[in-house]
Amino acid sequence: MTATSPGRRLVVLDMAGTTVADGGLVERAFEAAAERLGVEPGTPAHAEQLRYVRATMGESKISVFRHLFGSEDRARLANSAFEDAYAQLVDAGLIAPVPAARETIEKLRADGHTVALTTGFARVTQDAILDALGWHGLADLTLCPADAGGRGRPYPDMVLAAFLRTGAVTDVAETVVAGDTAYDMLSGRRAGAGIVAGVLTGAHDRAALTAHGATHVLGSVAGLPALLGEPVS
């Protein structure tokens, strides 16, 4: 695997599992949401839903709940319960950055790249994470599905929204997408990003990332500056 030629790029980074250590918080928040809707832990229905949540990590959470619970009202109730539970976990201090994530983002920006942070969470949850980490202003742009018309991953909308809003590069092929899930890879490839880098700090393994279109697989986001031809000193 060789580094690409140096040049200014738009770098679109996922949050949970890529730049933010999840530590199972998504699954814990899902369990609270499922219980609110009467799905008891330990039942076959709960196990099947949890498998779906794991398989679709990176997708807009409201889309996941629409699939699991059918009606819009039940999906929104589940999503609200999920957001409340996740916020409580964040408030309890259970959120942390992936090692060297902040330094990596700072390095990328210092070298002239534009960085966007994206998530499948709602804006209120994304802001709670940014608040807890002291990350407001760390990236050039933060996006959630609602900021891109409502569709999250695996659609390319958030990547393309970052491309259009920042005007950082003239060709979408100059965009770099990095994430820990199969849906991150799909969204990057569908957007036409030139580099779609999977990272092994989150939900999915090398095989899943590669199967869904990763052009590179890194141990963590900290490997991104070197991939772009700019080793961290």
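Keep in mind that the numbers below use all heavy atoms, side chains included, and drop hydrogens, waters and symmetry copies. Throughout, residue positions are numbered sequentially from 1 according to the sequence presented.
Judged by distance alone, with hydrogens and angles left aside, the side-chain atoms of Ser80 form no donor-acceptor pair with the main-chain N or O of Arg76 at under 3.5 Å. Judged purely by atom type and a 3.5 angstrom limit, Arg206 has no side-chain atom pairing as donor or acceptor with the backbone of Leu200. No donor-acceptor pair under 3.5 Å is formed between the side chain of Asp127 and the backbone N or O of Val124. Under the 3.5 Å distance criterion, the side-chain polar atoms of Gln49 are left unmatched by any main-chain donor or acceptor of Ala34. Between the side chain of Asp111 and the backbone N or O of Leu108, no donor-acceptor pair lies under 3.5 Å. Of the possible polar contacts, none joining the Glu35 side chain to the Ala32 backbone as a donor-acceptor pair under 3.5 Å is found. Remark: side-chain polar atoms of Thr210 are not paired, donor with acceptor, to backbone N or O of Ala207 under 3.5 angstrom. Here the side chain of Thr118 pairs no donor or acceptor atom with the backbone of Leu143 at under 3.5 angstrom. Using a distance-only test at 3.5 Å, with no hydrogens or angles considered, a donor-acceptor pair links the side chain of Asp22 to the main chain of Val26. Between the side chain of Asp205 and the backbone N or O of Ala208, at least one donor-acceptor pair lies under 3.5 Å.
The CG atom of Leu138 lies 6.0 Å from the CD atom of Glu106; values are rounded to the nearest 0.5 Å. To the nearest 0.5 Å, the span separating CD on Glu27 from CZ on Arg54 amounts to 4.0 Å.
A donor atom on one side chain and an acceptor atom on the other are not found under 3.5 Å apart for Asp84 and Gln88. Using modelled atom types, one finds no donor on one side chain facing an acceptor on the other under 3.5 Å when comparing His204 with Asp180.
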message: Determine whether Glu40 and His46 satisfy the following criterion, side-chain contact (heavy atoms from CB on, under 4.5 Å), listing intermediate values before the conclusion.
response: CA-CA 6 Å; Glu40 294 295 328; His46 182 275; over 6 Å; no

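Nearest heavy atom pair, residue Ala116 against residue Ala162, reads CB-CB, 4.1 Å. Of all the heavy atoms in Asp147 and Thr142, the pair that sits closest is OD2-O, 4.0 Å.
The existence of a salt bridge linking Arg28 and Glu31 is excluded, since no basic side-chain nitrogen approaches an acidic carboxylate oxygen closer than 4.0 Å.
Checking Val12, Asp171, Leu10 one by one against Phe163, the side-chain contact (heavy atoms from CB on, under 4.5 Å) holds for a single residue, Leu10.
Centroid-to-centroid, the aromatic rings of Phe121 and Tyr86 come within less than 6.0 Å.
By the 6.0 Å contact criterion, CZ on Phe69 is enclosed, its count of non-hydrogen atoms from other residues, nucleotides or ligands being greater than 12.
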